[in-house]
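Encoded as structure tokens, the structure appears first; notes follow it.
Each ligand, and each atom within it, is numbered from 1 in the order the structure gives. What's counted below: heavy atoms across the whole structure, side chains too, no hydrogens, waters or symmetry copies.
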Amino acid sequence: MLTYKEIREFIERNDSIVIFRHIHGDYDAYGAQLGLKELIKNNYPEKEVYSAGDRDIINPDFLDDMDNPDVETISRSLCIIVDTSTRDRVENKNYLLSGNSIRIDHHPYAEEICKHEMVDPSASSASQLIVELAMDSGWSMSARAAEFLYAGISSDTLKMTIDKVDERLFLDLAFLMKSHFSVNKVNRAIYDQNTELFNKETQLRTRIRFEGDIAYLVLSDKDLKIMNLTYREAKDMVNIMGNIAGIEKYAMFVEYENGYGVSLRSHTHPISWIAEKYGGGGHLNASGISAVKEEDIKYIVKLLKEA
Ligand code: AMP
């Protein structure tokens with residue numbers, strides 16, 4: 001596994017760097033990507049640093065614009081892939097043109113994406129690994145870099161409420177806090193909903209189905225249209241089932257192109273094996289599946305009950 005020193009050496013050896021992340025980016029994917037970009041720009045001002053991918057998330061204004069450099073630039077650059085567990089989940093496959101790529105990730109190991117990788121599933125988030133890279137390297141941390149990295153850590157730890165919140169994370173956060181960014185500002189920028197979305201979420205709560213210690217939501221394309229919700233907005237609301245007494249596992253099924261996209265969550269029991277059965281993956285307690293058939297939903301709910 002790559003060490004922080006070796007990652008730093010890769011960065012120092014290359015004049016041009018492009019940072020990639022997983023499709024349907026969340027704040028950890030964007031946070032690690034843009035936090036790392038900001039850190040390299042601040043600490044190695046002579047280097048060219050680019051981000052690749054779309055900017056499709058609730059509250060995109062918090063993010064910077066994506067650079068999406070041309071293929072010629074990518075092929076002569078060091079490509080760094082953050083927060084991505086498999087090759088097919090890298091949003092922009094042009095990293096393959098480079099032949100000079102490394103990965104920094106915290107998902108349970110699924111497959112090799114690059115020859116040189118740091119994969120540490122004990123970390124709360126990819127953003128935490130970037131904070132540690134900065135600490136190990138003695139880099140200066142700007143308030144903007146800290147905002148991105150804090151957003152990633154906060155969102156992947158469900159606002160510091162999961163078991164991966166430990167002494168190591170608090171030491172890393174203490175380092176981040178030295179840059180004097182505002183936690184409150186980041187919190188508002190990434191979690192605030194406009195009143196329209198807030199009201200839609202209230203409506204969604206009335207549709208949650210409960211079975212034993214399971215809660216789940218199924219939203220067809222027709223439902224989305226009636227509620228005027230996008231796929232992305234709906235999927236991001238999975239956590240509304242996260243604090244219901246007696247509910248240990250919960251799931252969201254949302255119709256998308258050729259099937260239903262699935263988000264599975266669990267407070268304690270591992271559920272990633274269910275996602276893997278249907279071609280998906282992710283973390284032990286937070287996993288996803290790209291597409292299942294409508295008739296698979298009842299089997300997935302049954303497996304969740306058994307998990
Ligand atoms: P989501 O439910 O989409 O928020 O995803 C939860 C976690 O599972 C994230 O860490 C994702 O990167 C991962 N994940 C989601 N969908 C897939 C998939 N189709 N294959 C592998 N991992 C996935």
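Remark: W273 pairs with K277, L303, A307 by the side chain to side chain contact (heavy atoms under 4.5 Å, CB included) rule, at least two apart or across chains.
For residues 110-136, every residue pair satisfying the ring-ring contact (aromatic ring centres under 6.0 Å, His included) rule, not counting sequence neighbours, is listed here: F10-H116.
A cation-pi arrangement, defined by a distance under 6.0 Å to the six-membered ring centre and an angle within 45 degrees of its axis, is present between K47 and Y44.
Ring pair Y95/F20 is perpendicular by interplanar angle, where above 60° counts as perpendicular and below 30° as parallel.
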Please output the side-chain donor-acceptor pairs of residues 170-181 that fall under 3.5 Å, not counting sequence neighbours, one pair per line with the distance.
unit_1, atom_1, unit_2, atom_2, d
D172, OD2, Q128, NE2, 2.8
S179, OG, L176, O, 2.9

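For ligand 1, the 4.0 Å heavy-atom shell contains residues R89, H107, K235, S263, R265, G280, G281, G282, H283, A286, S287, G288, I289, S290.
Aromatic ring centres of F148 and Y27 lie farther apart than the 6.0 Å criterion allows.
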